[in-house]
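Here is the structure we will look at.
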Amino acid sequence: MTAGMTAELWPYLILVLVGFLPNEVWRWLGVVFSRGLDETSETLVWVRAVATAILTGVVAKIIVFAPGALGGVPLWIRLGATVIGLAAFLLMRQSVFAGVVAGTLAVMAGDIFLAR
C-alpha cells in the first residue's frame, strides 16, 4: 500500500474506530441481555412507545426546520412528500423501506419539477 493510499483511507479508519465500534458494542450487549425478555411486558411496551415518540419528534423537526440543502425545498413539498411516504408505508403492508423510498423520491421530484 502506498503512502498516498494510506493518507486517503485514514478518515475511514477513524470513522470505524470512533463511530462504528463504540456503537456496535452496545448493540451486541443489547442482543445478549435481551434474551428471555417478554416483548409484551408493560416496561418494553413503554420503552418502545418512548423510542417511537422521540424518533417521531426528530423526524418532524427535520421536516419543518429542515437543515442544509433540504431547507431550500419548500415546506409544502416536504409535507407532501411525508404524506406520500406514509401512504406508501401503509399501502405496502407497513414497509419502512417503501415509505422511505417513496418519500425521498417525492421530495426529489417535487423540488425538481414543482419548486423551480
Discussion item. Using the rule that Ile, Leu, Val, Met, Phe, Trp and Tyr join whenever any side-chain heavy atoms are under 4.5 Å apart, tell me whether L86 and V100 fall into a single cluster.
Written reply: yes
Discussion item. Please say yes or no: joined through hydrophobic side-chain contacts below 4.5 Å, possibly via intermediate residues, are F33 and V25 part of one cluster?
Written reply: yes
Discussion item. Are M92 and V83 connected into the same hydrophobic cluster when the rule is that any two of I, L, V, M, F, W, Y join if their side-chain heavy atoms are below 4.5 Å apart?
Written reply: no
Item to complete: Working to the nearest 0.5 Å, report the span between CD1 of I77 and CD1 of I63.
Response: 13.5 Å
Worksheet item: Which atoms form the tightest heavy-atom contact between A102 and I84, and what is the distance?
Response: O-CG2, 4.1 Å
Discussion item. In the structure I gave you, are the side-chain heavy atoms of L17 and L13 within less than 4.5 Å of one another anywhere?
Written reply: yes
Worksheet item: Okay, side chain of R78, backbone of V107: is any donor-acceptor separation there less than 3.5 Å?
Response: no
Discussion item. Would a single hydrophobic cluster contain both V58 and L70, if residues Ile, Leu, Val, Met, Phe, Trp and Tyr are joined by side-chain heavy-atom contacts under 4.5 Å?
Written reply: yes
Discussion item. For a quick test of reading the model, state the closest non-hydrogen atom pair linking R48 to E39 and the distance between them.
Written reply: NH2-O, 3.4 Å
Worksheet item: Who are the side-chain hydrogen bond (donor to acceptor under 3.5 Å, both in side chains) partners of T56, not counting sequence neighbours?
Response: none
Practice prompt. For residues V96 and F89, determine if any side-chain heavy atom of one lies less than 4.5 Å from a side-chain heavy atom of the other.
Written response: yes
Practice prompt. Flag the pair D38 / L44 as yes when at least one side-chain heavy-atom distance between them is below 4.5 Å, and no otherwise.
Written response: no
Worksheet item: Which atoms form the tightest heavy-atom contact between A88 and A98, and what is the distance?
Response: CB-O, 3.8 Å
Worksheet item: How long is the span from the CG atom in L21 to the CG atom in L15, to the nearest 0.5 Å?
Response: 10.0 Å
Discussion item. Do W76 and L114 have side chains that approach each other closer than 4.5 Å (heavy atoms only, starting at C-beta)?
Written reply: yes
Practice prompt. Would you please test W46 and E42 for side-chain hydrogen bond (donor to acceptor under 3.5 Å, both in side chains) and show each step?
Written response: CA-CA 6 Å; W46 179 81; E42 288 186 28; over 6 Å; no
Worksheet entry | F65 reachable from L75 in the ILVMFWY side-chain graph, under 4.5 Å edges | no
